[in-house]
Each structure stands twice: as C-alpha cells, then as structure tokens.
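Some notes on the structure that comes next.
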Amino acid sequence: MRVLILGGGVVGITTAYQLQKDGHAVTVLEQAPQVAEGASWANAGMIAPGHSFVWSSPAAPKILLKSLFLKDQALRFKLSADPHLYSWSLRFLRECTAAKARRNTLLKHRLAVHSQSVLQAVVREEAIQYDRTSAGILYFHRSRQALDKGVANMRLLEADGQEIRIVDAQEIIDREPALASSRGSIAGGIMCPTDETGDAAKFTRALAAIVETRGGKIGTSTRIVGIERRNDAIIRVVTDKGEFLADAYVLCLGAESPILARKIGLGLPIYPVKGYSLTIPIVDPALAPKLPVIDEHNLVAITPMGDRIRVTATAEFAGYDRSHKPSDFAFMKRVTQDLFPRGIAYDRAEMRACLRPMTPDNLPILGLRNIKNLWLNTGHGHIGWTMAHGSARIVAELIAGRAAPIALDGILPTQARFAEPSAAKA
C-alpha cells in the first residue's frame, strides 16, 4: 500500500522503516527542517525497560499538589485556562491507584522489553552508529530508606523478567569513578545491566536516510494544515506544499496528535508535558562519567553521549508552551555539577525544552480507533525512545492484518481508554 506517516520523530521514522520492510511505499511528513527535531532530540537517550514505572501512581497527586507551592519539584503543575488540561488530569487521577499503577507498569514494561529487542535487531541489520552504550544504567539512591523502597518497587519488574543487581556505594564508585567525590551522599543503587543508551536523534536521522535510500520519501519543512475525513475514512492530508493521498495513514505527531485528531472528530487522551534537558560538552574524558545514571532522589538523568553528556529532569504541565529560561535548568545543572564536578564544560551547556505526549495511564495508543484507514502510533510519553521500535513493529503487523507480537491489552484504543472522565469507571 501507499502509507503516509504524519510526523518525523523517532516514532514516525521507525514506523516508516518497519512498513517499508513489509513492502509498502512510505512517505513521511515533518514540519521541521529535519527529522528528530522535537522530543526525539532533547531526551535522555535511555533505552530503559528498567525505568518503566508509570507516573500515574498513588504518590503522584501529592507531588503535583506540592509543585503549586514549592520550587525544584520533579513534576510541576501550572494552573491554566485550558479545559483539556483538567479533563486529562481527571483521567490521570483515576489511574493513580496502586492496582492500576501496577497493571500499567507491567504493560509498559512488556512493550519496552519487546521494543528493545526490535531496536537491537535493527542495529544488527543496519549497523547504525548513534553513540550507543550497552553497559547498563545505574539508578542510585541517597538514603538507605529510599534504596530499600526502590528495591522493593523494582521487584515488580524483576518478577516480570527484568535483570537487576543491588549495588552498594563502593561498587557504584568502582563502576563509575567520576562519582568518587559524591561517595558520602550515595547509599547504594540498582543496576539494570540490560538497559542501554544512545542518541535518539542520530539514530532517527540515520534510519531516515536508509528509508530514503530504499525509495521512501521524507518531506521535511512540510506543515500539515488540514486533514479531510469522509464517513469512516481519511481521503487526503493538506499541507503547505500540496495534498497527499494514501491508502493508509499513521498518526505519529506526538504531542501535536490530539490537535490534528480533533479536526476529524477524534479525541485523543494525550496532553503535552514539557521536559527540560541540557547537552554539555565533555572536555576531559578521563574525568567525565562513562556510565548512564539516574539520581532517584532528584529525578535527574545523566547520560554520556560520545563527546557530551545529556542531562534531563523536570516535567511540567504547561500546555503547548515550549519557552524556557536559564533558571528552569539551574536545579538539574547544580545536581549534575555536584555529582561530576570535573571534566565537563558547564559554561557551554545547551538548553532545550520539548513536549512529551503523555496519556493518563502512561501507555501509548496503538492501532485503529473508528477511522478505518487511520492508524494511531502516539502517546509514548517520557520513554518514547524506549518504546518506539516495538510500537512501530506492532503497527506494521496490525496494518498487515497479522497478529501482534505481544499482547495488546491496555494499549489498543478501546472505548474504555477514550471515555470521558464523567463516564469512565474508577
């Protein structure tokens, strides 16, 4: 078939690649000058099934409430006049029970593990270079109490097949000598040796080049201005560069997905959450970190990427506002500089903010809703890089009419996931 993919981030490009492998003629539309300009560029770079815990947990409401009054909170909630924020928030709160958090975390972990295996297969086949590290990810805690709680939580993923190793402070320093000056503030941690990292933007652009080499079309600097639906089918997409017609369409627009979907009468339970990141040059590799780490107390992720590090922290419910100022990055920069005081040019840090497409249950939306030729592959939230590859393969299988490679309960766009808060069951 002719398939038109809307969106040129990591989700859209991996979808194009998997569909092309199945023999379809693919075209990708991306409004930015190049692919992977948005959330795919500014993420932590972690392929982390070990980080599959959903945000919609029993602790989340208290954290969001505190953020109205306290600065330097990992999750920040801004009051707004946007009605979509409050509708989404009610759905989010309904997911914040212990039972639902456990269920959603296990569903997310299932997809993440599958997705990592798809990524690894693509890397073996295509030999893509993207500053990959495969030494695992360290999740460290600053108190014994927090470590014990973190270990207890991680047992859920361990029972689902996630390999973990509990490490004390000395082993952490042995694995990452650049943390030596922070020895006194680290109680211990959890090592997930099968987690990995890499530059999502580098990967996405290399994969896009492969798609183009094999006959696919990537239309960058192409803004979608309209989409036309007739009865239960899409008949065309209108852009500032003309009309595009296809046999099938795949919506991969991330946080922009619900805006376009509303134009054709489709409501998506997705809301943008702004994430902040720093990309900082390494000036002395001997002193800089080599192991990806997450400071679980401050919820700051630090990932070595070739000649630089990527630092991510803070998630802010601020609508479609992409603006940022230096003070937004002060906390994450201070935490990183305290952990790794040498070898990094903090005065040359590049600041970036992106919008993550969050669903209330923190699970992406994959498959058909009520439009027979519009496939959904969106809503991947804060670990889209982790889940993109498996999601792309799943959508390709569904389009082909084949069985999905994993069970899709909780991930398909069912009526229950789309119900308005007043109609949803608690």
Side-chain angles (χ1 to χ4, degrees), residues 10 36 39-51 112 116 119-120 123 128-142 165 167 169 171-183 185-186 189-206 275-314 329 331-352 354 382-386:
V10 64
S40 301
W41 190 96
N43 60 35
M46 293 184 171
I47 302 291
H51 202 50
Q116 184 180 29
L119 165 65
Q120 291 171 346
V123 172
I128 294 174
Q129 301 299 314
Y130 57 104
D131 295 326
R132 181 188 185 191
T133 66
S134 53
I137 297 175
L138 171 67
Y139 305 81
F140 74 83
H141 296 268
R142 293 177 179 264
R165 180 175 177 183
V167 292
E171 184 171 350
I172 289 173
I173 304 305
D174 292 342
R175 289 175 175 269
E176 182 46 86
L179 282 170
S181 62
S182 301
R183 170 68 177 82
S185 62
I186 297 175
I190 303 165
M191 189 74 190
C192 289
T194 58
D195 285 0
E196 55 187 291
T197 65
D199 187 324
K202 270 191 177 181
F203 178 93
T204 303
R205 288 167 188 168
Y276 295 86
S277 72
L278 294 169
T279 303
I280 315 174
I282 293 173
V283 292
D284 189 341
L287 302 174
K290 297 175 179 60
L291 183 69
V293 300
I294 294 181
D295 178 346
E296 293 281 26
H297 177 75
N298 293 303
L299 295 181
V300 173
I302 303 162
T303 307
M305 287 186 180
D307 60 356
R308 63 213 183 282
I309 63 169
R310 174 73 48 77
V311 182
T312 58
T314 308
F329 303 87
F331 176 71
M332 69 172 78
K333 183 177 179 180
R334 183 169 67 250
V335 169
T336 307
Q337 197 160 10
D338 286 345
L339 290 170
F340 302 107
R342 301 181 297 166
I344 301 167
Y346 289 101
D347 59 331
R348 290 157 51 193
E350 178 183 349
M351 297 175 287
R352 187 95 170 213
C354 67
H382 70 293
I383 60 169
W385 175 215
T386 297

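Here the structure is a predicted model, which means the values were calculated and not measured. In what follows, residues are counted from 1 in the order of the sequence shown. Heavy atoms only: backbone and side chains are in, while hydrogens, waters and symmetry mates are out.
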- Task: Would you mind reporting whether Ile344 and Pro289 have side-chain heavy atoms less than 4.5 Å apart?
- Result: yes
- Query: Which atoms form the tightest heavy-atom contact between Ile294 and Ala301, and what is the distance?
  - Reply: CG1-CB, 3.9 Å
- Should the pair His51 and Tyr139 be assigned to parallel (<30°), tilted (30 to 60°) or perpendicular (>60°) ring geometry? parallel
- Note on the structure: Heavy-atom nearest pair, Met46 first then Ile302, reads CE-O, 4.1 Å
- Query: Is Gln116 reaching over with its side chain to a backbone N or O of Thr194, donor-acceptor style, under 3.5 angstrom?
  - Reply: yes
- Query: Are any non-hydrogen side-chain atoms of Thr133 and Pro304 less than 4.5 angstrom apart?
  - Reply: no
- Message: Suppose the criterion is salt bridge (Lys or Arg N to Asp or Glu O under 4.0 Å): which pairs have a residue in residues 280-308, not counting sequence neighbours?
- Response: Asp131-Arg308, Arg142-Asp295, Asp199-Arg308
- Message: Checking the side chain of Asp195 only, and the main-chain atoms of Gly50 only, is there a donor and an acceptor separated by less than 3.5 Å?
- Response: yes
- Task: Return yes if some donor-acceptor pair links the side-chain N/O of Trp385 with the main-chain N/O of Ala44 below 3.5 Å, else return no.
- Result: no
- Task: Could you tell me whether the side chain of Arg165 and the main chain of Pro193 form a donor-acceptor pair under 3.5 Å?
- Result: no
- Over all atoms of both residues, closest heavy-atom pair of Ala42 and Thr312: O-CG2, 4.0 Å
- Message: Between Tyr346 (side chain only) and Thr336 (backbone N and O only), is there a donor and an acceptor less than 3.5 Å apart?
- Response: yes
- Contact check, side chains of Arg175 and Leu138, non-hydrogen atoms, under 4.5 Å: no
- Message: Give me the atom names and distance for the closest heavy-atom approach of Arg352 to Phe329.
- Response: O-CE2, 3.4 Å
- Taking the side chain as every heavy atom from C-beta outward, state whether Phe340 and Ile309 have any pair of such atoms under 4.5 Å apart. no
- Task: Search all heavy atoms of Thr279 against all heavy atoms of Arg310 and return the closest pair with its distance.
- Result: OG1-NE, 2.7 Å
- Under 3.5 Å: donor-acceptor pair, side chain of Thr386, backbone of Ala48: yes
- Item | Minimum heavy-atom distance between Thr204 and Ala200, given as atom pair plus value | OG1-O, 2.7 Å
- Query: Listed by chain and number, what are the ring pair (Phe, Tyr, Trp, His ring centres under 6.0 Å) partners of Phe140, not counting sequence neighbours?
  - Reply: none
- Look at atom CD of Glu350 and say whether more than 12 heavy atoms of other residues, nucleotides or ligands are closer to it than 6.0 Å. yes
- Item | Side-chain heavy-atom pair Lys202, Met305 within 4.5 angstrom cut-off | no
